[in-house]
Amino acid sequence: MSAGTDSGYLRDPDVQLMLRAKQGDDAAFSQLVAAYQDRLVGILHHLVQDQQTAEDLAQEVFLRIYRARESYVATARFSTWLFKVANNLASNSRRNKGRRKEISLAGNESGSMGSRPEEQLVVEKSALMPARQLDKAELQAAVRAAMEQLNSRQRMAVLLHKFEGMSYADIAETMDLTQPAVKSLLARARENLREFLERYVS
């Protein structure tokens with residue numbers, strides 16, 4: 001974290017926990033791990049599309065944050081910092097694997113997050129599916145397949161915006177983008193999802 005604490009972020013209860021961890025309170029850090037572990041594994045699973053890799057990356061994220069605790073400065077919400085580290089590690093992991101994709105539609109392998117992202121998007125996109133009624137499993141498979149068609153940056157932006165409820169500003173900080181770039185990224189992602197899902201049910 002860079003120098004220059006913004007006191008506004010001190011109202012974030014997770015920042016308070018991290019500041020306690022900075023002072024040597026390992027119980028506070030354990031609270032952060034408990035609060036974010038399943039969510040983090042879920043997002044990483046959607047990014048790298050491999051459960052074991054997602055779990056390994058999540059462990060590495062927490063390890064890096066723990067190692068950096070003594071120099072921690074609250075320059076952003078804790079979740080922004082956490083997912084920024086996760087995004088960088090996931091990007092490195094994908095580069096290390098080359099461009100190989102390991103597509104899996106098995107589903108329900110993303111920690112406690114489970115199929116929640118697909119279910120949420122299904123609700124949003126249901127209006128786009130008037131042609132015929134698909135059962136829940138078909139809908140989840142369709143949305144999962146649609147998510148996999150997005151490039152990695154679009155997918156990360158959608159996950160952070162829809163499933164973590166992050167603002168454009170926080171996503172911009174997480175992904176090292178400007179807010180207009182985030183808006184454009186999400187707009188393209190929504191259009192890509194809409195086109196894919198319309199083809200799927202046509």
Side-chain angles (χ1 to χ4, degrees), residues 1-48 53-96 110-114 116-117 120 147 150-187 189:
M1 303 291 289
S2 59
T5 301
D6 184 335
S7 60
Y9 295 119
L10 297 179
R11 291 191 294 270
D12 180 351
D14 294 332
V15 165
Q16 288 295 319
L17 286 172
M18 191 62 204
L19 289 171
R20 284 167 51 191
K22 178 180 182 177
Q23 299 303 317
D25 186 344
D26 284 345
F29 189 79
S30 294
Q31 284 183 253
L32 289 170
V33 173
Y36 282 95
Q37 185 169 29
D38 289 339
R39 291 157 58 188
L40 183 58
V41 170
I43 281 187
L44 286 167
H45 181 270
H46 280 80
L47 291 174
V48 300
T53 301
E55 293 176 359
D56 291 345
L57 287 174
Q59 185 175 3
E60 179 65 20
V61 169
F62 287 121
L63 183 60
R64 290 193 179 195
I65 287 177
Y66 185 76
R67 286 173 174 167
R69 69 195 185 283
E70 293 181 0
S71 59
Y72 174 71
V73 179
T75 58
R77 289 168 54 113
F78 175 79
S79 58
T80 301
W81 181 35
L82 176 83
F83 289 117
K84 184 170 188 173
V85 174
N87 185 48
N88 290 337
L89 283 175
S91 296
N92 291 339
S93 175
R94 287 191 300 268
R95 279 197 296 271
N96 290 341
S110 52
S112 70
M113 202 178 202
R116 181 167 65 91
Q120 290 190 10
M147 286 288 287
L150 301 180
N151 65 40
S152 59
R153 293 208 310 169
Q154 289 176 357
R155 194 181 311 160
M156 184 63 170
V158 169
L159 290 167
L160 293 177
H161 185 54
K162 293 298 183 185
F163 312 132
E164 286 298 319
M166 280 192 175
S167 67
Y168 290 158
D170 285 341
I171 296 172
E173 173 71 19
T174 299
M175 299 183 68
D176 289 325
L177 298 171
T178 64
Q179 288 189 53
V182 169
K183 291 179 182 179
S184 176
L185 197 63
L186 285 168

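All residue numbers in this chain count up from 1 along the given sequence.
Under the 4.5 Å side-chain criterion, counting only non-hydrogen atoms from C-beta, Trp81 is not in contact with Val15.
Applying the side-chain contact (heavy atoms from CB on, under 4.5 Å) rule to Ser167 yields the partners Ala169, Asp170; only residues at least two apart in sequence or on another chain are considered. Partners of Ser91 by side-chain contact (heavy atoms from CB on, under 4.5 Å), not counting sequence neighbours, listed by chain and number: Asn87, Arg94, Arg95. Not counting sequence neighbours, Gln59 has no partner by the side chain to side chain donor-acceptor pair (under 3.5 Å) test. Annotation: side chain to side chain donor-acceptor pair (under 3.5 Å) contacts of Gln154 (sequence neighbours excluded): Asn192.
Between the side chain of Asp14 and the main chain of Ser79, no donor-acceptor pair closer than 3.5 Å is present. Judged by distance alone, with hydrogens and angles left aside, the side-chain atoms of Glu164 form no donor-acceptor pair with the main-chain N or O of Leu159 at under 3.5 Å. Using a distance-only test at 3.5 Å, with no hydrogens or angles considered, a donor-acceptor pair links the side chain of Arg155 to the main chain of His46.
Note that OG1 of Thr80 is 8.5 Å distant from CG of Leu160, once rounded to the nearest 0.5 Å. Taking CZ of Arg67 as the start and CD of Glu60 as the end, the distance is 6.5 Å to the nearest 0.5 Å. Met175 CE to Met166 CE: the interatomic distance, rounded to the nearest 0.5 Å, is 10.5 Å. Of the inter-residue distances, the one linking Ser30 atom OG with Gln37 atom CD reads 10.5 Å to the nearest 0.5 angstrom. Taken from CD1 in Ile43 to NE2 in His45, the straight-line distance is 13.0 Å, to the nearest 0.5 Å.
No option in Leu57, Val61, Val85 other than Val61 meets the side chain to side chain contact (heavy atoms under 4.5 Å, CB included) test with Leu40.
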### Task
Go through the steps for Leu32 and Phe78 under the test side-chain contact (heavy atoms from CB on, under 4.5 Å), then give the verdict.
CA-CA 9 Å; Leu32 289 170; Phe78 175 79; 3.8 Å; yes
### Message
Go through it in stages, so that I can follow the logic: the residues are Met18 and Ile65, the test is side-chain contact (heavy atoms from CB on, under 4.5 Å), and I'd like the CA-CA distance, side-chain angles, deciding distance and then a yes or no.
### Response
CA-CA 9 Å; Met18 191 62 204; Ile65 287 177; 3.7 Å; yes
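In terms of heavy-atom proximity, Phe83 sits nearest to Met156 at O-CE, 3.7 Å. Considering every non-hydrogen atom in both Val48 and Ala90, the closest pair reads CG1-CB, 4.2 Å. Residues Ala157 and Leu185 come closest through the heavy atom pair CB-CD2, 3.7 Å. When all heavy atoms of Leu82 and Tyr36 are compared, the closest pair comes out as CD2-CD2, 3.4 Å. Scanning both residues, Ala58 and Val41, for their nearest heavy atoms gives CB-CG2, 3.6 Å.
Residue-environment remark: CZ (Arg69) exceeds the threshold of 12 foreign heavy atoms within 6.0 Å.
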Name each donor-acceptor pair under 3.5 Å that joins a side chain in residues 19-26 to protein atoms two or more places apart or in another chain, with its distance.
residue	atom	partner	partner atom	Å
Arg20	NE	Asp25	OD2	3.2
Arg20	NH2	Asp25	OD2	3.1
Lys22	NZ	Tyr72	O	2.8
Asp25	OD1	Ala27	N	3.1
Asp25	OD1	Ala28	N	3.1
Asp26	OD1	Tyr66	OH	3.1

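The side-chain hydrogen bond (donor to acceptor under 3.5 Å, both in side chains) analysis of residues 172-181, with sequence neighbours excluded, yields the pairs Lys84-Asp176.
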